[in-house]
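Notes for the one structure printed next.
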Amino acid sequence: MDAKMPYYMAYPMPFSYDDERTERMDFEYMKSMYPDTAKKILPYVEEECDRMEYENSMVYDQCPDKLQLRLMSRRVYDNVRKHERMFFGDEEDAGLSGLDGDQETGISGTAREREHGRDGRSKSPSLRDFIEVMLYQELYKRRCDHRRRCRRFY
């Protein structure tokens, strides 16, 4: 007569403890395929995320403040501009920093809004937008890792 086996032995579940390691290796591989510009910017993004990664940081809020995220991306942008030679002559930000260049050329407020949008930022994709996207992606990954680490099983 056949001996009955317990349910957990009849249908063994594959161990899923290795999933985190596989995901991390996959993410590192994808980062290695970034274009050269992104590879140069990535250390600055990671440095800023490391700086903001502490318990009860605004990064881990349910809905992070958009202004704080913009300030983070601005700090990354300033560091990149300060340390990377290839971005020195980049963009139209000379006129955006104080907007006094627009007053000298006589551009009206509505024309500036059409060109730069209501928040004063350029409508065309730029280094600042690129940094913002990379920052948000890195923050997303770190938030997921934090949630995974801080699960409570009770």
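Atom set for the values below is all heavy atoms of this structure, side chains included, hydrogens, waters and symmetry mates excluded. Just so we're clear, the structure is a prediction, and the values are computed from it rather than from any experiment.
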Determine, step by step, whether M52 and Q68 satisfy the side-chain contact (heavy atoms from CB on, under 4.5 Å) criterion, reporting the C-alpha distance in whole Å, the side-chain angles of both residues, the deciding distance to 0.1 Å, and the verdict.
-> CA-CA 11 Å; M52 295 299 292; Q68 292 296 324; 5.6 Å; no
Stepwise side-chain contact (heavy atoms from CB on, under 4.5 Å) check, L69 with L139 | CA-CA 10 Å; L69 294 176; L139 287 174; 3.5 Å; yes
Determine, step by step, whether H83 and K40 satisfy the side-chain contact (heavy atoms from CB on, under 4.5 Å) criterion, reporting the C-alpha distance in whole Å, the side-chain angles of both residues, the deciding distance to 0.1 Å, and the verdict.
-> CA-CA 10 Å; H83 294 103; K40 288 184 180 187; over 6 Å; no
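Side-chain contact between E84 and I41 is absent, with no heavy atoms from C-beta onward closer than 4.5 Å. By the 4.5 Å heavy-atom criterion applied to side chains, N56 and D61 are not counted as neighbours. R21 has its side chain within reach of R24: a pair of non-hydrogen atoms, C-beta onward, lies under 4.5 Å apart. At a threshold of 4.5 Å between non-hydrogen side-chain atoms, the residues M33 and Y29 count as touching.
The cluster map of Ile, Leu, Val, Met, Phe, Trp and Tyr, joined by side-chain heavy atoms under 4.5 Å apart, puts L71 and L127 in different clusters. Hydrophobic clustering (ILVMFWY, side-chain heavy atoms < 4.5 Å, transitive): V45 and Y34 are in one cluster. Tracing side-chain contacts under 4.5 Å through hydrophobic residues (I, L, V, M, F, W, Y), one never reaches Y136 starting from F27; they form parts of separate clusters. Linking ILVMFWY side-chain heavy atoms closer than 4.5 Å, directly or via other members, places L42 and L135 in a single hydrophobic cluster.
R143 approaches V59 most closely through the heavy-atom pair NH1-O, 2.6 Å. The shortest heavy-atom contact between Y44 and V76 is O-CG2, 3.9 Å. For the pair I131 and S73, the tightest heavy-atom approach, listed with the atom from each and the gap, is CG2-O, 3.9 Å.
No more than 12 heavy atoms of other residues, nucleotides or ligands sit less than 6.0 Å from atom CG of D36.
K39 places a side-chain N or O within donor-acceptor distance of the main-chain N or O of S32, the cut-off being under 3.5 Å.
One finds no salt bridge joining D78 and K82 here, because no Lys/Arg side-chain nitrogen approaches an Asp/Glu carboxylate oxygen to under 4.0 Å. The pair D145-K141 meets the salt-bridge criterion, with a side-chain N (NZ, NE, NH1 or NH2) lying under 4.0 Å from an Asp/Glu carboxylate O. Salt-bridge annotation for D50 and R142: present, with a side-chain N of the basic residue lying under 4.0 Å from a carboxylate O of the acidic one. Using a 4.0 Å cut-off between a side-chain N of Lys or Arg and a carboxylate O of Asp or Glu, E46 and K31 qualify as a salt bridge.
Between the side chains of Y60 and E53, a donor-acceptor pair is found at a separation under 3.5 Å.
Applying salt bridge (charged side-chain N to carboxylate O under 4.0 Å, His left out) to R75 and the options E47, E132, E48 leaves one that passes, E48.
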